[in-house]
K.L.:
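My questions will all concern the structure given below.
Keep in mind it's a predicted model, so treat the numbers as computed, not measured.
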Amino acid sequence: MDHPSQPSERHFDHCPWLFAAEATEEQRAAQREVQRAVGGDTVIGERCYVAESAAVFPDRLRLGDDSYIAAHAYVTGELDTGSHCTLNPFTTVRGNVVLGHGVRIGAHTSLLGFNHSMAPDRPVFRQPLTSRGIRVGDDVWIGSHVIVVDGVTIGDHCVIGAGAVVTRDLPAWSVAAGNPARVLRDRRQVRGEGSAAPTDPAAPADPAASGTRQPDDSRTPTTHPTPHPAPSAVAADDPEHALQVAGAAGAKAAAAAPGKRPDDSRTPTTHPTPHPAPGAVAAGNLEHALQVAGAAGAEAADLPGILPGGGRTPGTRPTSDAGPRSANLAAFADAARDQTAGLLDRCWNGERYVDRPGAGPTVRAHCDAVEIADLLLGAVPAHLSAEEHIGRLSGLQDPKSGLVPEFGEPLPVADGDGFIGEGAALYHVLCVGYALDLLGPGLPHPVQGVRDMTVHQLLVRLEALTWRTGAWGAGAWVDSFATAAHWNLRHDDGHGTPESLFGWLLTRADPWTGMWGSPSAEEGRLQVVNGYYRLTRGSFAQFGLPVPYPERVVDAVLDHARDARHFGPGRENACNVLDVAHPLWLCTQQLGRSADGYRSGEIRDWAERQLATVLPRWQNGRGFGFGQGAAGPGPEPGLQGTEMWLAIIWYLADLLGRSDELGYRPRGIHRPEPARQGITGLS
């Protein structure tokens with residue numbers, strides 16, 4: 001297409017991507033005046049463009065660098081965008097809307113981050129406004145004529161086909177279309193290799209399959225007119241039309257969809273439930289899941305009263321939710337208690353504890369044995385007296401440094417700031433400290449490197465941690481440092497720098513995810529989420545302080561929990577599940593735990609599915625293995641896997657309001673209550 005030798009302001013309004021390269025100085029000066037004239041609390045980044053014909057009347061506007069608002073767009077309320085975001089002609093953005101980086105919004109699309117209630121006691125025009133807001137991740141392409149309703153979160157890297165009506169959250173990497181919009185496939189999956197999630201045989205194909213794009217690649221491809229198909233299906237060979245059609249059948253389905261809010265204040269919405277693995281049982285029917293665990297490929301546990309051969313007919317379904325479902329957790333916990341002595345015997349080599357038969361003795365194995373016995377029996381492991389357990393574990397701590405080396409290894413050498421950066425001794429600050437806490441006396445000596453570290457040394461260390469490439473390791477270091485500070489405060493209150501740690505963490509948390517660190521193409525959010533668990537466990541949770549941005553944390557964690565690389569069949573392990581369960585639990589303590597709490601339905605669904613998966617993995621007299629893959633200790637049952645999964649089961653049950661049925665509550669490393677309430681200047 002030929003352009004005028006010198007584009008006019010009207011031309012730039014409709015093609016703002018040309019402005020940075022082609023505008024004259026006079027046109028740039030005029031654009032600066034347009035931006036200055038935008039009202040409200042407004043900050044506009046570098047190299048941005050706001051069309052003079054756009055109706056931009058925000059209460060608050062944060063337009064990131066290299067972003068634009070094109071001709072006749074309508075913007076009100078509060079809009080925050082990252083860099084390289086585009087609102088194309090006739091786009092409507094209202095209410096509370098947050099866009100990540102690199103978001104492309106096609107023409108005539110509406111993001112409606114507010115709503116009216118519709119109670120029958122007053123006319124619609126007198127109904128109060130409500131707003132949960134809309135959140136859109138990074139690298140998202142929203143096609144033309146799309147509608148996104150209030151309360152929706154769209155994950156990173158999504159593509160949404162033209163004409164879609166988005167009424168529920170979309171996980172990262174989704175390719176979605178329709179009315180109501182549904183996920184068609186995973187964008188990472190090469191087309192022709194099958195779908196990432198089961199779809200109707202007549203489901204539309206890739207929304208970007210054909211058509212033309214504008215110069216900035218910001219819109220869904222245009223379509224060609226074709227006859228309307230039957231309301232219930234769209235021809236698989238006509239993806240363009242499939243993405244455009246939002247007919248009466250779709251509208252009817254949206255109106256009938258479950259999930260309407262209790263106050264009737266929003267368009268009825270539902271949250272996506274990840275598809276179970278082949279052979280898995282529907283979430284919410286825990287008894288049936290346990291009954292058919294063997295057929296589903298899980299390890300048969302043969303727990304009395306809850307598995308095939310244990311007193312019930314396989315395949316029978318409960319007649320009500322209250323009785324049989326409640327009995328399962330109690331029956332599991334009773335069976336585990338009955339077998340605790342045997343599984344501890346299995347991991348006692350006559351002198352020391354080992355994680356599993358054939359493994360060498362470790363400090364952690366002794367601590368895990370103490371935690372398991374306390375959790376299930378309220379006692380110490382019977383192989384030693386309480387005094388002998390205390391004496392052995394206390395004697396492992398070096399009086400001068402306060403560190404605990406691994407059996408047979410030398411004391412680790414401290415770094416220049418006086419503390420260590422890696423190795424087993426970092427985790428021993430946690431496990432030995434909490435084992436001795438359960439036994440009574442706690443660590444006998446302060447951790448000297450943490451006690452003497454200056455504020456400057458701490459800040460230098462924090463900045464140097466591997467946040468970008470190894471967020472788990474960075475979070476683990478913070479966990480150990482903060483836990484050492486907690487133990488040190490029991491010895492005296494005049495040393496250490498925990499206030500500075502929290503100050504740094506609060507100012508470095510990513511407002512988009514509430515987390516620290518960066519995801520990667522290879523691992524997704526694995527490092528970030530797992531590092532978040534370790535970091536917050538030792539800092540905010542241990543000291544009883546609220547975490548920043550809890551809604552964003554829930555968004556990021558639920559998105560991560562859908563990543564098949566880490567949560568696909570045979571890939572889950574104790575670390576990965578705990579590092580989702582605990583952040584969800586921690587954030588719900590701040591956000592509320594009612595049925596209409598923030599994404600509470602999805603959280604409960606996830607917890608139900610995890611319980612249905614993990615309970616059948618208990619092996620009589622042996623406990624739990626760490627995980628099905630090669631990570632960590634592996635699938636062989638042992639003390640570490642047993643200790644971690646028992647705590648995970650408690651958190652999953654508590655997310656469902658059922659933890660009391662277990663008859664146990666973690667008191668050690670995985671305790672839900674803060675070990676210390678607040679800190680000077682922050683509590």
Side-chain angles (χ1 to χ4, degrees), residues 1-114 134 136 139-148 160 162-163 212-222:
M1 179 178 179
D2 294 331
H3 297 294
S5 57
Q6 179 53 57
S8 65
E9 284 80 1
R10 182 172 178 272
H11 191 96
F12 286 136
D13 274 10
H14 287 82
C15 305
W17 56 87
L18 301 175
F19 182 82
E22 301 183 20
T24 65
E25 285 305 316
E26 292 77 11
Q27 288 169 330
R28 295 179 197 278
Q31 173 58 201
R32 287 193 289 271
E33 289 301 318
V34 171
Q35 293 183 16
R36 275 194 286 268
V38 176
D41 174 11
T42 297
V43 176
I44 297 177
E46 300 293 328
R47 300 172 301 281
C48 289
Y49 187 90
V50 178
E52 187 171 6
S53 61
V56 184
F57 308 121
D59 297 321
R60 181 180 189 276
L61 173 64
R62 297 293 184 269
L63 194 63
D65 295 344
D66 301 291
S67 299
Y68 62 72
I69 300 175
H72 305 291
Y74 180 29
V75 178
T76 67
E78 299 183 358
L79 171 62
D80 283 44
T81 85
S83 60
H84 297 280
C85 289
T86 62
L87 278 63
N88 281 290
F90 300 96
T91 296
T92 295
V93 179
R94 305 191 65 196
N96 185 327
V97 177
V98 177
L99 308 180
H101 300 291
V103 177
R104 294 290 193 262
I105 301 176
H108 298 277
T109 282
S110 296
L111 276 62
L112 306 176
F114 75 104
I134 293 170
V136 180
D139 179 37
V140 172
W141 177 15
I142 302 176
S144 296
H145 293 276
V146 171
I147 297 174
V148 182
I160 301 174
T212 59
R213 297 183 182 182
Q214 297 294 339
D216 65 344
D217 286 346
S218 63
R219 298 163 184 77
T220 299
T222 56

K.L.:
Please identify which of these residues, Thr81, Asp41, Leu99, meets the side chain to side chain contact (heavy atoms under 4.5 Å, CB included) condition with Arg62.
P.N.:
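Exactly one candidate clears the test, Asp41.
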K.L.:
How long is the straight-line distance from CZ of Arg32 back to SG of Cys48, given to the nearest 0.5 Å?
P.N.:
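So the gap between those two atoms works out to 13.5 Å.
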K.L.:
So, does Thr76 use its side chain to make a donor-acceptor pair with the main chain of Pro58 at under 3.5 Å?
P.N.:
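No: the side chain of Thr76 does not pair with the backbone of Pro58.
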K.L.:
Give, for atom OG1 of Thr91 and atom CD1 of Ile142, the distance between the pair rounded to the nearest 0.5 Å.
P.N.:
9.5 Å
K.L.:
Any chance you could measure Asp80, atom CG, to Asn96, atom CG, to the nearest 0.5 Å?
P.N.:
7.5 Å
K.L.:
Fit a plane to each ring of Trp17 and Tyr68, take the angle between them on a 0 to 90° scale, and name the class: parallel (under 30°), tilted (30 to 60°) or perpendicular (over 60°).
P.N.:
tilted
K.L.:
Mind listing the closest non-hydrogen atom pair of Arg94 and Val97 along with its distance?
P.N.:
O-CG2, 3.6 Å
K.L.:
A side-chain contact here means heavy atoms from C-beta on lying under 4.5 Å apart; do Arg28 and Phe19 qualify?
P.N.:
yes
K.L.:
Would you name the heavy atoms of Ala51 and Ala70 that are closest together and state the gap between them?
P.N.:
CB-C, 3.4 Å
K.L.:
Can a donor-acceptor pair be found, under 3.5 Å and without considering hydrogens, that links the side chain of Asp65 to the backbone of Glu46?
P.N.:
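Indeed, once roles are kept as given, a pair shorter than 3.5 Å links the two residues.
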K.L.:
Calculate, to the nearest 0.5 Å, the distance between atoms CD and NE2 belonging to Glu22 and His11 respectively.
P.N.:
7.0 Å
K.L.:
When you measure from the side chain of Thr109 to the backbone N and O of Val146, does any donor-acceptor pair fall under 3.5 Å?
P.N.:
yes
K.L.:
Work out which heavy atom in Pro16 is nearest to a heavy atom in His14; give both atom names and the distance.
P.N.:
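That closest heavy-atom pairing would be CD-C, 3.3 Å.
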K.L.:
Does His84 have any ring pair (Phe, Tyr, Trp, His ring centres under 6.0 Å) partners at least two apart in sequence or in another chain, and if so, which?
P.N.:
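Residues passing ring pair (Phe, Tyr, Trp, His ring centres under 6.0 Å) with His84: none at all.
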K.L.:
Can you name the nearest heavy-atom pair linking Gly39 to Thr42, along with the distance?
P.N.:
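Smallest heavy-atom distance, with atoms named: O-OG1, 2.6 Å.
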K.L.:
Please report the shortest heavy-atom distance between Ile134 and Gly113, naming the atom on each side.
P.N.:
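Scanning both residues, the minimum pair turns out to be CD1-N, 3.6 Å.
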K.L.:
Does Arg60 have more than 12 heavy atoms from other residues, nucleotides or ligands lying within 6.0 Å of its CZ?
P.N.:
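Above 12, so yes.
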K.L.:
Can you confirm whether Ile105 sits close enough to Val136 that some side-chain heavy atom of one is under 4.5 Å from a side-chain heavy atom of the other?
P.N.:
no
K.L.:
Short question: side chain of Thr92, backbone of Leu112 - any donor-acceptor pair under 3.5 Å?
P.N.:
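The answer is no, because no donor-acceptor pair under 3.5 Å joins these two groups.
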K.L.:
Compute whether any side-chain donor of one residue and acceptor of the other, for Gln35 and Gln31, lie under 3.5 angstrom apart.
P.N.:
yes
K.L.:
Nearest 0.5 Å, please: how far is NE2 in His72 from OG in Ser53?
P.N.:
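These two atoms lie 4.0 Å from each other.
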K.L.:
When rounded to the nearest 0.5 angstrom, what distance separates SG in Cys85 from CG in Leu63?
P.N.:
8.0 Å
